[in-house]
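Both counts, for ligands and for their atoms, begin at 1 and track the order of listing. From a predicted model like this one, the values you see are computed outputs, not experimental measurements.
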Amino acid sequence: MTRQPISRIDNARLRGRDGLYTIGVESGRIVSVDPQPTAGSPPSADRVDAAGGLVLPSFIDLHLHLDLAYSLEIVPENKSGTLLEAIALYSEAKKTFTPDSVRERAVRAIRDEISFGTGAIRNHVDVGSTAGLRLCEGVLAAREQMKDFIDIEVVVFPQDGVIRDHGAVDRMREAMRMGCDIIGGIAHYERTPEDSRRQIELLFDLAEEFNARIDCHIDETDSPLSRCVEYLAAETIRRGWQGRVTASHVCALSSYEPVHAAKVIGLIAEAGIHVVTNPGVNLHLQGRFDTYPKRRGLTRVRELMAAGVNVSAGQDCIKDPFYPFGTGQMLEVAHLLVHADHLSLPHQVEAAMDCITVNPSRSMQRTDYGTEPGCRADLVVLPVDSVHEAIRCRPRPTAVIKNGHRLTS
Ligand SMILES: [Zn+2]
């Protein structure tokens, strides 16, 4: 993969604006956005011609598992298709993984994401008694290898639980010291509701110890009895961690009866919790205990948005025992999202685009994300003239720009 510095993008179409623009780029930043002059300018190596195509800030994949990517062939078949069987199969297989084998598969997935215009990833890396720190070493090596091309946040993720895996907390601590950024969790996976609550308390203890944000897998089940996210919200408020906590999946919320769901959505909003839905994986793993009608598995995306909750959408998995599909294309994720939650009106399609751009940037606490002067020149150029067409056609980008450099594979 190579980098070529650019000084501007011509003939760019921008979201929410009429006409075409020329975007000036200097030292990795956008320095100007002006109406496109009518007189043509001579071609040069440092100029990108968007040719009337849509220019967006680079996509952000807020939920991914790089240590799992492309492991489908090396893990036995998930016959039930459930989350629980996937966790069990992966638990066995990961004993054989080396840091270098993880790094290789992770780099392959990162390259895929970049090729489709992703500029930042939040990755959850499996740490615990079985995984040890080998998977973490592999993912951190992949991040280092690809650091000029993409930003990666790493979440320490106790895949096998925290209370039911005695070694998890120590491994999480060590992984944070190795350079990981965010405390992860899997609250619904403990043996009892009491243990789930204890896990959440431990996650906050670690978050306080490292002054870190939290991103917790939570209520990733159809069972209406899984009620972890309300405790996560309550603890977020108690600890003063508002705005610093992300709840990933939150599937069970869709199975709560409406009165309780409304209460929980209010709590999530009050706690300033960011929510990530993973449409492909939720459609695939959830509803497995249903006959017909089958639930869709996603959280209540529209209701959360209506309550003012910051909702993002992630890829989650690329060809692994949890999900045999996934390409690293965030436009495909948005395409699945609009289908899964009936986001078909123009403003809803725009909202789906927000789920893979500006909303995850808020969860990442980025203040220089966008297409305005001053923003980082992390951009993707698409050969379509609207957000609707981008999600409908899901084209490959004509240019991917990172820190003011055009990337080519
Ligand atoms: Zn996940």
Side-chain angles (χ1 to χ4, degrees), residues 60-72 75 78 81-91 94 102 105-106 109-110 113 118 121-128 131 135-136 139 152-162 168 172 175 180-190 199 203 213-222 226 228-229 232 245-253 273-286 288 297-299 311-326 328 330 333 336-337 355-356 360 363-364:
I60 298 180
D61 186 353
L62 199 62
H63 192 114
L64 188 63
H65 294 261
L66 287 168
D67 61 85
L68 279 163
Y70 292 111
S71 65
L72 185 68
V75 176
N78 182 350
T82 60
L83 174 68
L84 294 176
E85 185 172 345
I87 291 175
L89 290 170
Y90 191 60
S91 203
K94 67 193 175 193
V102 171
R105 288 186 289 99
I110 293 167
E113 290 261 358
T118 302
I121 288 171
R122 179 179 290 173
N123 176 71
H124 293 253
V125 68
D126 185 340
V127 294
L135 281 56
C136 185
V139 165
I152 301 179
E153 290 184 341
V154 182
V155 183
V156 296
F157 172 51
Q159 171 79 75
D160 301 321
V162 174
M172 291 168 77
C180 295
D181 310 285
I182 296 171
I183 303 295
I186 183 163
H188 55 281
Y189 189 61
E190 299 293 357
Q199 180 189 126
L203 302 185
R213 289 166 289 157
I214 290 174
D215 187 331
C216 186
H217 286 65
I218 200 154
D219 296 332
E220 189 181 356
T221 163
D222 296 313
S226 186
C228 302
V229 77
L232 185 79
V245 177
T246 299
S248 286
H249 294 291
V250 204
C251 307
L253 179 61
I273 288 181
H274 309 274
V275 169
V276 188
T277 188
N278 298 295
V281 171
N282 293 155
L283 282 163
H284 174 76
L285 287 177
Q286 305 306 319
R288 291 279 175 168
L298 279 72
T299 191
V311 181
S312 302
Q315 169 72 76
D316 199 358
C317 296
I318 297 175
K319 209 175 178 195
D320 65 31
F322 294 77
Y323 183 61
F325 310 107
M330 293 311 294
V333 172
L336 287 165
L337 177 64
C355 288
I356 57 169
S363 186
M364 282 188 165

Let me check your reading of the structure: within less than 2.8 Å of the Zn ion (ligand 1), is there an N/O/S atom from C317?
no

Applying side chain to side chain contact (heavy atoms under 4.5 Å, CB included), can you list everything that pairs with L72, at least two apart in sequence or on another chain?
K319, P324

Are a donor atom and an acceptor atom from the side chains of S71 and D320 found within less than 3.5 Å of each other?
no

Distance-only donor-acceptor check, side chains H249 and D219, under 3.5 Å
no

For A131, all residues meeting side chain to side chain contact (heavy atoms under 4.5 Å, CB included), sequence neighbours excluded:
K94, D126, L135

Give the atom name of whichever N/O/S atom in D316 sits closest to the Zn ion (ligand 1).
OD1

Would you say the Zn ion (ligand 1) has H124 as a near neighbour, meaning an N/O/S atom of that residue under 2.8 Å away?
no

Can you name the N/O/S atom of H63 that is nearest the Zn ion (ligand 1)?
NE2

